[in-house]
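None of these values were measured; they are calculated from a predicted model.
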Amino acid sequence: MNEPATSSGGGFVRLRLDIAYDGTEFAGWATQAGQRTVAGALEDALSTVFRTPVVLRAAGRTDAGVHATGQVTHVDVPADALAHAFPRSARPVGEPEFLPLIRRLSRFVPEEIRVLAIVRAPQGFDARFSALRRHYEYRLGTAPYGVLPQQARFVTPWLRPLDIDAMAAASRHLVGLHDFAAFCRHREGATTIRDLQRLDWVRTGDVITAHVTADAFCWSMVRSLVGALLAVGEGRRDADWCAALLDSSKRSSDFAAAPARGLTLVGVDYPPDDELAARIEITRDLRTL
């Protein structure tokens, strides 16, 4: 892999892209042969614009059907290819450097994907490994008629009664640094230890929203947390059962993960620029309890 540069003085220029997408019709974020994916569509568009193959790296590799309003990615572009992104006319004074590129990409990518912002990444920035934490929201619609058509792709209908207080009580047992093996699909060589920093529930009319924040998430973790807590909310399990799941060393089969459509990645936090490189070293360390 070429070493990125943050200026056009030579080598590669690393760009940060902030992205939103409706994941309903995509087989997830990550590029997969023969599958329609978010990264695949964006990489095709960027490669066309820059006239050279490029690869995107994301803060969170969302699963099939999962959405984002605050996905963060980076891409390394050959410095001499940057000029292809700009029109030949002079840029108006005060206009952001990459606004022309954002406009061009809006025509190249599917309507379900929007590139919200592009900037030169600061030295040491890595969309995945520099991140301090990721924020997700999971939405449930509890109206007797289901979910409004305008919300149907982003809210999971849930017609059975839910005890939000019981779900909140069970959630408190899960917050903190734990091994979340019971809530994660297995990946060879990957740790399932995570620092879950927020897990709470808010009801607004007929919509219940779970706010979930952690330093990182393993595969299917958010949907599995929600699925387990729904079992508590329906009265099929209690808070102690939920807490006991943290003692498991493998994925639990006692509950089902919540459907993908209710889940959205809403934001990613990063440290100050002068702490980015140090954060990468911390993130890459294999964590233990």
Side chain to side chain donor-acceptor pair (under 3.5 Å) between Tyr21 and Thr62, worked out: CA-CA 11 Å; Tyr21 49 87; Thr62 52; 2.7 Å; yes
Stepwise side chain to side chain donor-acceptor pair (under 3.5 Å) check, Trp219 with Asp63: CA-CA 8 Å; Trp219 190 8; Asp63 294 338; 3.2 Å; yes
Test salt bridge (Lys or Arg N to Asp or Glu O under 4.0 Å) applied to Arg16 - qualifying residues, sequence neighbours left out: Asp18
Expected output: side-chain Arg57 to main-chain Ala127 donor-acceptor under 3.5 Å: no
Arg61 CZ: over 12 foreign heavy atoms closer than 6.0 Å: no
Pair Asp215 + Arg133: basic N to acidic O under 4.0 Å: no
pair Phe12-Asp80: side-chain heavy atoms closer than 4.5 Å: no
Arg36 to Phe26, cation-pi by 6.0 Å centre distance and 45° axis angle: yes
Pair Ile113-Ile19, side-chain contact (heavy atoms from CB on, under 4.5 Å): steps then yes or no: CA-CA 7 Å; Ile113 303 173; Ile19 300 166; 4.1 Å; yes
CA sep, side-chain torsions, deciding dist, call: Asp254, Arg237, side-chain contact (heavy atoms from CB on, under 4.5 Å): CA-CA 10 Å; Asp254 289 345; Arg237 301 286 186 171; 4.0 Å; yes
Ile280 with Tyr270, same ILVMFWY side-chain cluster at under 4.5 Å: no
Pairwise side-chain contact, Phe255 with Leu229, heavy-atom cut-off 4.5 Å (strictly under): no
Trp201 six-ring centre to Arg203 NZ/CZ under 6.0 Å and within 45° of normal: no
Expected output: side-chain Thr204 to main-chain Val207 donor-acceptor under 3.5 Å: no
side-chain contact (heavy atoms from CB on, under 4.5 Å) between Trp29 and Gln71, intermediate numbers included: CA-CA 10 Å; Trp29 165 266; Gln71 176 71 279; 4.0 Å; yes
Co-members of the apolar cluster containing Leu148 [side chain, <4.5 Å]: Tyr145
Atom pair CG (Leu56) and OG (Ser47), whose distance is rounded to the nearest 0.5 Å: 8.5 Å
Thr37 side chain vs Ala27 backbone, donor-acceptor pair below 3.5 Å: no
Shared hydrophobic cluster, Ile164 / Val175 (ILVMFWY, side-chain heavy atoms < 4.5 Å): yes
Any side-chain heavy-atom pair of Arg14 and Val75 under 4.5 Å: no
Parallel, tilted or perpendicular: ring planes of His74 versus Phe125, cut at 30 and 60 degrees: perpendicular
Close side-chain approach of Ser130 and Thr283, heavy atoms under 4.5 Å: no
Side chains of Glu43 and Thr31, donor plus acceptor under 3.5 Å: yes
Set of ring pair (Phe, Tyr, Trp, His ring centres under 6.0 Å) partners for Phe217, sequence neighbours left out: Tyr136
Worked check of side-chain contact (heavy atoms from CB on, under 4.5 Å) between Asp163 and Val232: CA-CA 8 Å; Asp163 184 340; Val232 174; over 6 Å; no
Heavy-atom check, side chain of Ile208 versus side chain of Val202, under 4.5 Å: no
Carboxylate-amine/guanidinium proximity below 4.0 Å for Asp22 and Arg153: yes
Within-4.5 Å side-chain heavy-atom neighbours: Val212 and Leu196: yes
Arg172 side, atom CZ; Asp200 side, atom CG - distance, nearest 0.5 Å: 10.0 Å
Nearest-0.5 Å distance that lies between atom SG in Cys184 and atom CG in Asp179: 8.0 Å
Aromatic centroids of His67 and Phe154 separated by under 6.0 Å: yes
Note, Leu82 side chain near Phe98 side chain (heavy atom, < 4.5 Å): yes
Residue of the set Gln197, Arg198, His135, Glu137 for which side chain to side chain donor-acceptor pair (under 3.5 Å) holds with Thr213: His135
Flag side-chain contact, heavy atom, 4.5 Å: Phe183 against Leu174: yes
Connected via hydrophobic side-chain network under 4.5 Å: Ile118 and Val38: yes
Glu95 atom CD: more than 12 heavy-atom contacts under 6.0 Å: yes
Leu105 side, atom CG; Leu42 side, atom CG - distance, nearest 0.5 Å: 7.5 Å
Pairwise distance CG(Leu225) to OH(Tyr138) - rounded to 0.5 angstrom: 12.0 Å
Arg128 atom CZ: more than 12 heavy-atom contacts under 6.0 Å: no
Gap separating the CG atom of Leu263 from the OG1 atom of Thr156, nearest 0.5 angstrom: 9.0 Å
Short side-chain to backbone donor-acceptor contact, Ser248 and Leu245, under 3.5 Å: no
